[in-house]
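For reference, the structure is listed below as C-alpha cells.
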Amino acid sequence: ALKLNLSHLFSPNPNAIEALSLGLEKINSKNLKELIIGCYSGFSDIEMVRLAKALRPFSSLSTFHLLVNSSNIFTDTAMISLFNNLSCFESLKNIELAFTACRGIRDPALQVISRQLLRFKNITQIKLKFPQCHEISNAGLKSLAEECLSRFKNLTLLCLDFTHNVHITDKGLESLAGAVKDLGSLERLSLEFSFGTNLKNNAMKNVATCLKNKEHLLDLYLNFSYCEKINDAGIKTLVAELKKLTTLRKLFLGFLHCWDVKGSSYRDLFIKILDNLEALETFSFFAMKAKNNQCQDLIQEMTEKFKGLEL
C-alpha cells in the first residue's frame, strides 16, 4: 500500500497543479491508499477543478486529506468540483478537509460537503476544519449536523474546528448537539470553537448534550478559550456530563481567558473529573486567570493528590 504526503508541496505557482497531475498519472492507482495534499495561498477554484480531475483514478483510496491555507480566491464553487470527482472513492474511510482563513468559504460550502459526504458509506473518521472562515454561520453548522453527521452512526472519530467563526452562536451548537449525541461509536471527539465571541452558557449545555451516549469515548478535546461570555453556570453544566465519561483516557479542556469563570468552579471541575474518571491517563487544562494564582495553586494541589496522572 502506497502513502503519499504532499502537505507542504504548493507555493503560489501556476504550474503546480499541472505538475502534480502529471505525477499522479504515473502512480498505480490501485496501490495508493493514503493521499494528503496541502494547497497554500493563491489556490483557486480553477486549480481545484484541475486537481479534482487528477484524483479520479484513485478509487481505492481509504484516506484523503485536503488542506488549503489562506486563499481568498478559493470559494464554495470549488466544493462541487471536488466532490463530483471524488464520487468514485467507494473505499474511503478517513477524510479531512481543512480550510484555514479562506474567506470565500461560506455556508453553501458546508451544505455541499454535508450532502456529498453521504456518498461515502464506509467513512468512520471525519475531520472538518474551518478556522478563520468568518462567513460561516449557524446555517452552515445546521446543514452539517442534520444532513450529514446524524447519519454516520459508525463514526469512531469526529473533529470539528470553527475557531474565530464569530457568526456561530449557541443556536449553532444546539444543532450540532442534536446530531452528535447519537454517535455512540465515537472513540475520539474534538470540538474547537475558541474565539467564539458570541458563544454563551447554552453552548456548554449543548456540548454536554454532545457527550451523552458515549460509552466508547477514549479521547476528548474541547477548546472554548476566549469565549468570554461563558461563566460558572456553563462550566457546571459541562462537568455534570463530563464526569460520566468513565472510559476516557485523554482529556483536553481549554477555557483560557474565560474571565467570568471563578477558581472555585475549576476546582469543582478538577475534583469531580479526577474522582470519577479512573481510566484517565492524561489531563490537559488551559484556564489560567491572570488576576490571581488560584488555578496555579489548584493544579499543584491536584498534582499532589492524583499522583501518576499526567497533568
Side-chain angles (χ1 to χ4, degrees), residues 138 141 160 162-163 168-183 186 189-215 217-280 282-306 309 311:
N138 291 339
L141 199 54
L160 301 177
F162 290 90
T163 303
I168 291 178
T169 68
D170 296 357
K171 196 69 176 177
L173 269 293
E174 183 179 352
S175 299
L176 182 65
V180 177
K181 69 180 176 63
D182 293 325
L183 301 181
L186 279 181
L189 174 62
S190 175
L191 301 177
E192 169 69 81
F193 285 86
S194 55
F195 293 90
T197 54
N198 288 309
L199 294 177
K200 303 177 182 178
N201 285 332
N202 274 340
M204 293 296 95
K205 178 182 178 181
N206 294 323
V207 171
T209 300
C210 289
L211 301 180
K212 292 182 180 297
N213 308 314
K214 298 296 179 290
E215 298 177 357
L217 197 62
L218 302 175
D219 190 342
L220 177 62
Y221 180 102
L222 301 176
N223 195 359
F224 288 81
S225 296
Y226 294 87
C227 297
E228 298 181 354
K229 295 178 181 178
I230 294 174
N231 60 33
D232 293 333
I235 298 296
K236 184 177 181 180
T237 301
L238 180 62
V239 170
E241 205 61 43
L242 273 174
K243 68 180 185 179
K244 300 176 184 178
L245 302 176
T246 56
T247 58
L248 269 189
R249 295 180 183 175
K250 188 175 181 180
L251 175 62
F252 176 100
L253 296 177
F255 293 101
L256 197 65
H257 284 259
C258 295
W259 299 114
D260 290 332
V261 181
K262 299 176 182 177
S264 57
S265 292
Y266 290 138
R267 180 184 179 83
D268 185 57
L269 179 150
F270 262 85
I271 292 174
K272 288 187 176 179
I273 287 177
L274 298 179
D275 275 342
N276 288 277
L277 306 188
E278 295 183 356
L280 198 64
T282 302
F283 183 17
S284 301
F285 181 66
F286 288 82
M288 306 302 286
K289 291 175 71 72
K291 296 179 182 178
N292 54 52
N293 294 320
Q294 285 181 323
C295 286
Q296 292 173 316
D297 294 341
L298 177 59
I299 289 175
Q300 183 176 351
E301 178 187 344
M302 293 299 106
T303 302
E304 293 175 355
K305 182 177 180 180
F306 296 95
L309 177 69
L311 286 171

### Task
Please lay out, stage by stage, how Ile168 and Asn138 fare under the test side-chain contact (heavy atoms from CB on, under 4.5 Å).
CA-CA 5 Å; Ile168 291 178; Asn138 291 339; 3.9 Å; yes
### Task
Determine, step by step, whether Arg249 and Thr282 satisfy the side-chain contact (heavy atoms from CB on, under 4.5 Å) criterion, reporting the C-alpha distance in whole Å, the side-chain angles of both residues, the deciding distance to 0.1 Å, and the verdict.
CA-CA 6 Å; Arg249 295 180 183 175; Thr282 302; over 6 Å; no
### Task
Could you give me the CA-CA distance, side-chain angles and deciding distance for Phe224 and Ile230, then say whether side-chain contact (heavy atoms from CB on, under 4.5 Å) is met?
CA-CA 9 Å; Phe224 288 81; Ile230 294 174; 4.1 Å; yes
#### Entry: side-chain contact (heavy atoms from CB on, under 4.5 Å) evaluation trace for Phe283 with Leu253
CA-CA 8 Å; Phe283 183 17; Leu253 296 177; 3.8 Å; yes
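No hydrogens or angles considered: a donor-acceptor pair under 3.5 Å links the side chains of Glu192 and Ser194. When only modelled atom types and interatomic distance are considered, Asn206 and Glu174 share no side-chain donor-acceptor pair under 3.5 Å.
In this structure, the side chains of Asn276 and Thr246 stay at 4.5 Å or more apart for every pair of heavy atoms. Here the side chains of Phe193 and Leu199 are in contact, with some heavy-atom distance below 4.5 Å. At least one side-chain heavy atom of Leu222 sits under 4.5 Å from a side-chain heavy atom of Leu238. Residues Phe162 and Leu141 have side chains in contact (heavy-atom distance under 4.5 Å, counting atoms from C-beta outward). A 4.5 Å side-chain heavy-atom check between Leu218 and Leu248 finds every atom pair outside the cut-off. A 4.5 Å side-chain heavy-atom check between Leu220 and Leu211 finds at least one atom pair inside the cut-off. The side-chain heavy atoms of Leu176 and Leu191, taken from C-beta on, include a pair separated by under 4.5 Å. Leu160 has its side chain out of reach of Leu189: every pair of non-hydrogen atoms, C-beta onward, lies at least 4.5 Å apart.
The backbone N or O of Lys181 lies less than 3.5 Å from a partner atom in the side chain of Asn213, making a donor-acceptor pair. Judged by distance alone, with hydrogens and angles left aside, the side-chain atoms of Asn201 form a donor-acceptor pair with the main-chain N or O of Gly234 at under 3.5 Å.
Note: Lys243 NZ to Ile271 CD1 = 12.5 Å, rounded to the nearest 0.5 Å. Note: Asn202 CG to Thr237 OG1 = 8.5 Å, rounded to the nearest 0.5 Å. Note that CG of Asp170 and CG of Asn198 are 9.0 Å apart. Values are rounded to the nearest 0.5 Å. For the atom pair Leu242 CG and Ile235 CD1, the distance stands at 9.0 Å (nearest 0.5 Å). For the atom pair OG1 (Thr209) and CG (Asp182), the distance works out to 11.0 Å, reported to the nearest 0.5 Å. Note that SG of Cys227 and NZ of Lys200 are 12.5 Å apart. Values are rounded to the nearest 0.5 Å.
Judged as a salt bridge (charged side-chain N to carboxylate O under 4.0 Å, His left out), the pairs with a partner in residues 226-241 (not counting sequence neighbours) are, in order, Lys212-Glu241, Glu241-Lys244.
Proximity of the aromatic rings of Phe255 and Phe285 is defined here by a centroid distance below 6.0 angstrom, and this criterion is not met.
Ala177 and Cys210 get closest at one heavy-atom pair: CA-SG, 3.5 Å.
Using cut-offs of 30° and 60° for the angle between ring planes, the Trp259 and His257 rings count as perpendicular.
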